[in-house]
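Notes to accompany the following structure.
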Amino acid sequence: MRRLFTITVSLIAAMTVSAQVSDNAKTLIAKAEAGDVFAQKDLSVLYFEGAEGLPKDKDKALAWSKKAAAQGLFLSMKNVAAIFL
Amino acid sequence: MWPLYFYNGNKEEAAKWYQILTDNYYCEAMFNIANFTDEGTAGFTKDPYMAFKLYHDAALAGSGDAQNNLGNAYKNGNGTDVNEKEAFKWYYIGALKGNKFAEYNLAVCYWKGIGCNVDYVGALEYFTKATIHGFEPSQQKMMQLVTEIMKYADSDNSNAQYAAYYMLKDIPGMEKKAMKYYDKAMKAMDPTAYHYEASKSYVKGTPEALKEAARMWKIAADGGEDGAQINLGAMYATGKGVQKDEAEAFMLFKMAANQGSPLGAFNLGMMYYDGRGTAKDDRKAFEYLKIAADACMTNAWYFIATMLEEGRVNADLIVKHLGSKTAEEYAAQYYLYASWNAMPQAQAKIAECYYYGKGVAQSYVRAAEFADACIKSKVPMGSAMSLLSKIYRNGRGGVLKDETKADSLLQEAARKNDDAAIRALKAVGSL
């Protein structure tokens with residue numbers, strides 16, 4: 001049931017978010033994909049909140065946090081651990 | 001920050017990250033690992049003795065929850081022998097951290113004289129703090145305490161008399177009754193009463209008020225009140241309100257340290273560290289600072305780390321007080337304790353340790369993270385700025401090259417009079 005709910009929510013989120021992805025978010029995506037830990041951490045927050053034209057996407061938020069954590073960023077380790085606790 | 005319902009509890013995954021954080025001395029992660037061991041969850045084997053050791057490690061690193069748990073363990077004999085003095089000590093340390101459970105438990109210690117002398121004023125103070133921090137049972141206990149104080153105030157208990165004054169003084173219509181108890185307590189030369197009254201006088205700040213504070217602190221200090229010994233010592237050390245006299249300050253700090261006061265030990269350690277009021281003595285400085293460090297005083301962690309880093313601690317002292325690791329490793333450990341407890345000066349230092357791999361595994365990401373934390377703190381340090389600038393300049397580890405950021409950080413560092421930044425700017429001719 002929760003899964004269905006999540007899917008519905010993300011669908012609505014996907015529909016309501018327009019294509020207006022902010023320049024800041026675009027830069028962050030490019031940097032994060034190039035391996036910048038701080039960009040990965042910040043991008044995770046944007047996906048978590050669904051901000052700056054990006055959809056609310058908790059899976060992506062977690063995935064970016066995990067990437068930053070795997071590169072050794074303590075703050076992301078704390079966040080990832082807190083999600084799973 | 002993340003809601004817990006999002007991913008179903010997967011404690012093994014959490015434990016994986018907490019273990020890395022624990023290896024880097026982050027106290028809250030250390031507390032979580034201790035919890036797993038205590039409960040036998042997240043793939044850990046249940047082991048109360050191991051859990052006790054891990055709570056102890058987390059408490060030493062500054063976790064308020066662990067400090068309170070440790071107090072409970074010593075009070076009830078869980079995983080260790082019952083030891084009321086240790087229980088009191090850990091509640092006290094936890095209460096200073098602002099942990100509401102520790103505040104409540106400390107108040108009970110002061111009330112019942114568990115591991116300390118009965119101190120009704122202290123009990124009132126910490127029940128009040130726990131109540132403010134939202135620990136409900138505190139209020140009910142305080143009602144019982146008030147009844148007991150009023151009962152003993154009418155017998156010849158000067159501490160209860162001062163506590164009665166303390167409670168009644170601000171209640172309209174009770175001023176007269178309050179003053180009656182006040183007079184009795186002051187006449188009996190109650191050290192707690194004199195200590196509190198001196199503190200009130202001190203904050204007024206006028207020359208007469210400072211003189212009066214010194215007079216009252218002297219009486220309280222002679223009566224064995226360690227807080228008074230330390231405050232009067234600080235007046236002598238700085239020459240505020242009294243004729244500056246470092247030898248007298250040294251004596252007073254020593255008195256407090258000998259009574260087991262961590263702040264007394266810290267101040268005494270710093271007198272030996274700087275050679276004030278006594279001959280400079282690194283061995284004694286280290287030993288007293290270690291006592292304060294074991295009571296989780298952030299400044300003590302920092303100065304111990306600097307001593308270890310500068311090679312001012314003999315190998316035999318390291319083995320005796322710390323263990324078998326290197327001075328650099330212990331320096332990094334104490335810098336980390338202080339850094340996780342938000343001390344900017346330590347964050348700048350540990351950033352350098354990570355950058356050069358001194359006492360910790362080398363990591364540009366961690367160097368950048370702590371330098372960044374320092375720069376965003378209330379005391380941004382030039383050294384952290386020039387270090388972070390270097391990382392951005394070269395684009396190292398998981399931090400992408402960013403010349404713009406590197407330039408602005410270097411300028412800012414130079415404005416903060418950082419030597420490395422000034423040299424770097426002079427070298428390229430922009431200063």
Side-chain angles (χ1 to χ4, degrees), chain A residues 1-10 13 23-24 26-51 55-85, chain B residues 1-29 31-33 35-36 41-42 336 339-340 347 350-351 354 360-373 376 388 391-392 395-402 405:
Chain A
M1 190 57 207
R2 181 189 288 164
R3 179 175 218 133
L4 189 66
F5 176 72
T6 317
I7 292 168
T8 324
V9 168
S10 50
D23 288 343
N24 177 43
K26 282 180 194 157
T27 318
L28 281 181
I29 291 172
K31 279 186 161 184
E33 281 170 354
D36 188 80
V37 272
F38 293 112
Q40 291 168 348
K41 176 203 76 179
D42 292 342
L43 189 57
S44 167
V45 175
L46 292 192
Y47 277 120
F48 185 77
E49 290 170 352
K56 207 169 192 161
D57 186 334
K58 295 190 174 181
D59 287 321
K60 273 193 182 158
L62 178 62
W64 282 118
S65 267
K66 270 186 151 178
K67 276 207 171 129
Q71 291 210 75
L73 197 69
F74 289 132
L75 188 80
S76 298
M77 289 185 201
K78 288 192 213 175
N79 289 342
V80 172
I83 297 174
F84 283 110
L85 188 68
Chain B
M1 141 176 194
W2 304 79
L4 296 182
Y5 56 78
F6 175 38
Y7 282 86
N8 290 334
N10 179 347
K11 287 191 175 179
E12 279 82 0
E13 179 70 21
K16 189 179 96 185
W17 299 111
Y18 282 137
Q19 190 60 57
I20 299 174
L21 288 160
T22 293
D23 295 342
N24 289 277
Y25 302 105
Y26 173 48
C27 57
E28 302 307 335
F31 175 71
N32 280 315
I33 295 284
N35 256 341
F36 294 149
T41 50
L336 276 167
S339 297
W340 288 119
Q347 289 168 341
I350 196 64
Y354 278 117
V360 285
Q362 200 282 338
S363 164
Y364 291 123
V365 169
R366 288 167 189 179
E369 187 172 8
F370 275 116
D372 189 55
K376 287 182 178 144
L388 191 56
I391 297 173
Y392 276 123
R396 295 178 125 156
V399 186
L400 285 193
K401 187 176 175 132
D402 189 332
K405 272 187 188 163

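In what follows, chains carry the letters A, B, and so on, assigned in the order in which the sequence lines appear, proteins first and then strands, with residues in each chain numbered from 1. All heavy atoms count here, side chains included; hydrogens, waters and symmetry mates do not. Keep in mind the model is a prediction, meaning the values are calculated, not measured.
The side chain to side chain contact (heavy atoms under 4.5 Å, CB included) test with A:Asp36 singles out one residue from B:Val365, B:Val399, B:Asp402, and that residue is B:Val399.
Here the closest non-hydrogen pair linking A:Ala81 and B:Ala14 is O-CB, 3.4 Å. B:Leu21 and A:Met77 make their closest contact through CD1-CB, 3.9 Å (heavy atoms, listed as atom of the first residue, atom of the second, distance).
Taking the side chain as every heavy atom from C-beta outward, A:Ile83 and B:Trp17 never approach each other to under 4.5 Å. At a threshold of 4.5 Å between non-hydrogen side-chain atoms, the residues B:Tyr18 and A:Lys78 do not count as touching.
Classification of the B:Tyr392-A:Phe38 ring pair by plane angle, with boundaries at 30° and 60°, yields tilted.
For B:Phe370, the part sitting under 4.5 Å from any heavy atom of chain A is the side chain, from C-beta outward, and nothing else. Neither the backbone nor the side chain of B:Ala373 has a heavy atom closer than 4.5 Å to any heavy atom of chain A. With a 4.5 angstrom heavy-atom cutoff, A:Lys41 does not touch chain B via any of its atoms.
Between chain A and the residues B:Thr41, B:Ile20, B:Asp372, B:Asn24, the most heavy-atom pairs under 4.5 angstrom are made by B:Asn24.
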Q. Should A:Lys66 and B:Glu13 be marked as a side chain to side chain contact (heavy atoms under 4.5 Å, CB included) after you check the CA-CA gap, both sets of side-chain angles, and the distance that decides it?
A. CA-CA 11 Å; A:Lys66 270 186 151 178; B:Glu13 179 70 21; 3.4 Å; yes

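Atom OG of residue B:Ser363 and atom CZ of residue A:Phe74 lie 7.0 Å apart, to the nearest 0.5 angstrom.
The side-chain tip of B:Lys11 does not point at the ring of A:Phe84 from less than 6.0 angstrom away and within 45° of straight on.
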